[in-house]
Amino acid sequence: KEKHKILHRLLQNST
Amino acid sequence: SHLLLTEPAPLAANQDNSTNDSSLRILLTLCDLLNRELLVLIGWAKQIPGFSGLLLVDQMSLLQSGWMEALLVGVAWRSQGAGGDELVFAGNLRLDEAQCRATGLADLYEALRHLMAKYRAMKLSPEEVVTLKAMALANSDADPVDCPDSVQRFQDGLHEALQDYESSRREQRRAGRLLMTLPLLRQTADRAVQAFLRLHRHHRVPIHKLLLEMLDAKA
């Protein structure tokens, strides 16, 4: 998951 | 109608001025555009009915597999209206065959023209375009998927919407015909991914972090 941290963060943002 | 409402407005390209090399300038402009389109695409995905209910890992898998297909549906659709032989990445970023060849995107050009010809012959409606885009994401064959049942329900919802829409137009065969265009879309997206990876790895074209992360996920 560390490799895909930007996508992970963007999906977690609620908006 | 929900997909039509959530369809994002097309982005404009920000012309790169950092180099005198005109081919590199086009590529940098294109990569910046794609990077911003990806950001918008991720926001858009969350608004497709059923997507946000998926496990976070599955949302990631679907996007990592299907992002280029979803973006290319947009490019093919925008290029339909344009006469001639241009690929319309944005209203202010139209590339013809010669420009694509000069920038190392000849292969992508050829593949996208093939896809566009198919869509053009079918005379897609906006409703069909937005549904196809969502289906490309839902049907991206991500592997592994942690909760296949939820992904299946997500796909079923979109399939049902497409069938309802085509029934309302009394076009019984249309949904099937549209689904039969998905393999060509997959093929085109694979070639696009390979083209950008090649540019980055062999020609050292700098690529923004998000776009690179998504390309690497498909490498």
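Letters A, B, ... mirror the listed sequences (proteins, then strands); counts begin at 1.
Closest non-hydrogen pair, B:Q64 versus A:L7, comes out as CG-CD2, 3.6 Å.
A side-chain contact (heavy atoms from CB on, under 4.5 Å) with A:H8 is found for one member of B:Q59, B:E213, B:M60 and no other, namely B:M60.
Interatomic distance, CD1 of A:I6 versus CG of B:L38, reported as 10.0 Å (0.5 Å rounding).
Taking a 6.0 Å sphere around CG of B:N20, one finds it holds 12 or fewer heavy atoms contributed by other residues, nucleotides or ligands. Annotation for B:H114: atom NE2 does not count as buried by contact number, only 12 or fewer foreign heavy atoms lying within 6.0 Å.
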List the steps and the verdict of side-chain contact (heavy atoms from CB on, under 4.5 Å) for B:K46 and A:L10.
CA-CA 10 Å; B:K46 293 189 205 176; A:L10 288 170; 5.7 Å; no
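Heavy-atom distances place both the backbone and the side chain of B:L210 under 4.5 Å from chain A.
At least one side-chain heavy atom of B:F51 sits less than 4.5 Å from a side-chain heavy atom of A:L11.
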